[in-house]
Amino acid sequence: MEETKRSVANSLTEGSVAKTLITFSIPLIGAFLLQSLYSIVDMLIVSHFAGTYSVSAVNIVGQVMQVVLGVATGFLSASTVAIAQFLGAGEDGRLDKAIETAFSFTMMLSILFTSGMLLLTEPVLKLLQTPAECYEEAWIYYVIYTAGTVFVFFYNAISSVLRGMGDSKNPLLFVVISTLINIVLDILFVGPLGWGAGGAALATIIAQAASVLIAVFHLKKIHFSFKFHWKRFFRMDKEQIGIIFRVGTPAALQETLLNASLVVLIAVANTLGVYASAAVGFGAKINVIFILPVIALNVALSTMVGQNIGAGKMDRAMEATKLNLLYSSLYSIVVCAIMWVFSKELLMIFTNDPQTLAVGANYFKGHCWDYFLLMPLGYCFGGLFLGAGRSSYIAIANGAGALISRIPLSIFLAHKMGLGVLGIGIAYPVSTLVTDIFYFALFLKGDWKKSTIVNRE
């Protein structure tokens, strides 16, 4: 264990809170940005070489895969928090078991999801009301992407483990290399070879596989405690699997509800026609870019809170939370203004089609207000509660926002009120407000201050 600590672990319990938060967040922003470029590069290259129908296929399937990845991310967040708290508390034995269990659980989860999603290919595409014009492309993209789920899951598992240990730099290095591979293969497969959406999916999976191999090679080189032998992938500690299910299930549910609500919005947009489907898809990709710094700060906060709660330093955890809210709020106000003023210019990154631009600009007019203080507050509470191991609070608040307001409101405004994609955009800030209200009430309870993972009594 000591060897593992020397090689990758980084304590977030000492030094300037502001400096630590920013230093840890910056590589995360870079890694998340590059990861998001997978789907954005797919969209750009497919749009350039294959046209609107292929773009719609990539967008529809991309949202489904976000739901699947969200489940894995939710469970892995439990491992990240457990690793952070054990590291902060100096419980080396439980830390090693948490790492081994995280990788073993990921392996089994990827096998389960790959087989299940392949069996449900046609029902899922029909459920999403996939337009007939792009059904075949969507089917090919879905099957290829699903077949490579294990690589997508495992990259995220390695990154989650390293983040829990305070290492955000190595995951950035891994994804830099794989992103370059993805871009080159995307251009080759979709352009000269003309493989369309399927070529984009294949490029993404190959690139993700490369990132996993690079990460494993690095960890073996530095003698990481987990030895990446096939026999080690089926060892799960009873206590650690209990933590994964206790903390990870609500987090996975929250991610599922959040991403499922986005899939429903795509389905609502699909009923408004191909231009609306493409416009909302482009808007979603742009939103992914803008939201990354807030997400990175959220992940950094949850890790800092986890390590500091493990170390019994609640004051330091609260200082990090306040700084997180300040940084993300200032940034989000700027994003709100940019989305409002330059909506068409942002969409022109993907398309010059005048009808798609007009529809997409309407979507942004509603969506942009989600950034104005509402969304940063939600992410800040989410990071605090997750770091404390209270993921059930996150599920409650985000479930209320998605189920009570976002889905029904988007349908009502888009169809009953005749607002089209503007109504879908407006549903975002309203649902976030509902989420924030729930978060604030749970914060006032105060019982989140006691860790559910490390017993300090």
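Every heavy atom of this structure was used, including side-chain atoms; hydrogens, water molecules and symmetry mates were not.
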Examine distances only and state if a side-chain atom of [X] and a backbone atom of [Y] form a donor-acceptor pair shorter than 3.5 Å.
X	Y	result
S329	L326	no
N298	Y379	yes
Q307	I83	no
S168	F24	yes
T149	T146	yes
S110	M107	yes
S104	T101	no
S211	Q208	yes
Y155	P171	yes

Mutual orientation of the aromatic rings belonging to [X] and [Y] [parallel < 30°, tilted 30-60°, perpendicular > 60°]:
X	Y	answer
Y363	H367	perpendicular
F103	F154	parallel
F381	F443	tilted

Calculate, to the nearest 0.5 Å, the distance between atoms [atom1] and [atom2] belonging to [X] and [Y] respectively.
X	Y	atom1	atom2	result
I244	E239	CD1	CD	11.0 Å
L180	L185	CG	CG	11.0 Å
Y393	N398	OH	CG	15.0 Å
F113	L120	CZ	CG	11.0 Å
S159	N170	OG	CG	9.5 Å
I99	I158	CD1	CD1	12.0 Å

message = Are there over 12 heavy-atom neighbours, none belonging to F189, within less than 6.0 Å of that residue's CZ?
response =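 Counting other residues, nucleotides and ligands, CZ of F189 exceeds 12 neighbours.
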Can you tell if the side chain of [X] reaches within under 4.5 Å of the side chain of [Y], non-hydrogen atoms only?
X	Y	value
F86	I243	yes
E14	K313	yes
V152	I205	yes
I286	I289	no
D436	M375	no
Y331	L297	no
I111	V150	no
T80	S160	yes

Exercise: identify the closest heavy-atom pair between [X] and [Y]:
X	Y	result
L34	V176	CD1-CG2, 3.3 Å
F32	R163	CE2-NH1, 3.9 Å
Q240	R94	NE2-O, 3.8 Å
V280	A269	CG2-CB, 3.7 Å
G198	I140	CA-CG2, 3.6 Å
R246	S391	O-OG, 4.2 Å

| request: Given ring pair (Phe, Tyr, Trp, His ring centres under 6.0 Å), test F153 with F75 step by step and report yes or no. | output: CA-CA 11 Å; F153 276 28; F75 281 117; over 10 Å; no
task: Quick one: do I333 and F372 satisfy side-chain contact (heavy atoms from CB on, under 4.5 Å)? Show the steps, please.
output: CA-CA 5 Å; I333 290 172; F372 193 76; 4.1 Å; yes
task: Output, in order, the C-alpha distance, side-chain angles, deciding distance and verdict of side-chain contact (heavy atoms from CB on, under 4.5 Å) for T432 and Y371.
output: CA-CA 9 Å; T432 303; Y371 281 85; over 6 Å; no
Set out, in order, the CA-CA distance, both residues' side-chain angles and the distance that settles side-chain contact (heavy atoms from CB on, under 4.5 Å) for L346 and F290, then state yes or no.
CA-CA 11 Å; L346 290 171; F290 278 130; 3.8 Å; yes
* Kindly indicate, with the supporting measurements, whether the criterion side-chain contact (heavy atoms from CB on, under 4.5 Å) is fulfilled by M304 and N324. => CA-CA 11 Å; M304 284 193 68; N324 175 286; over 6 Å; no
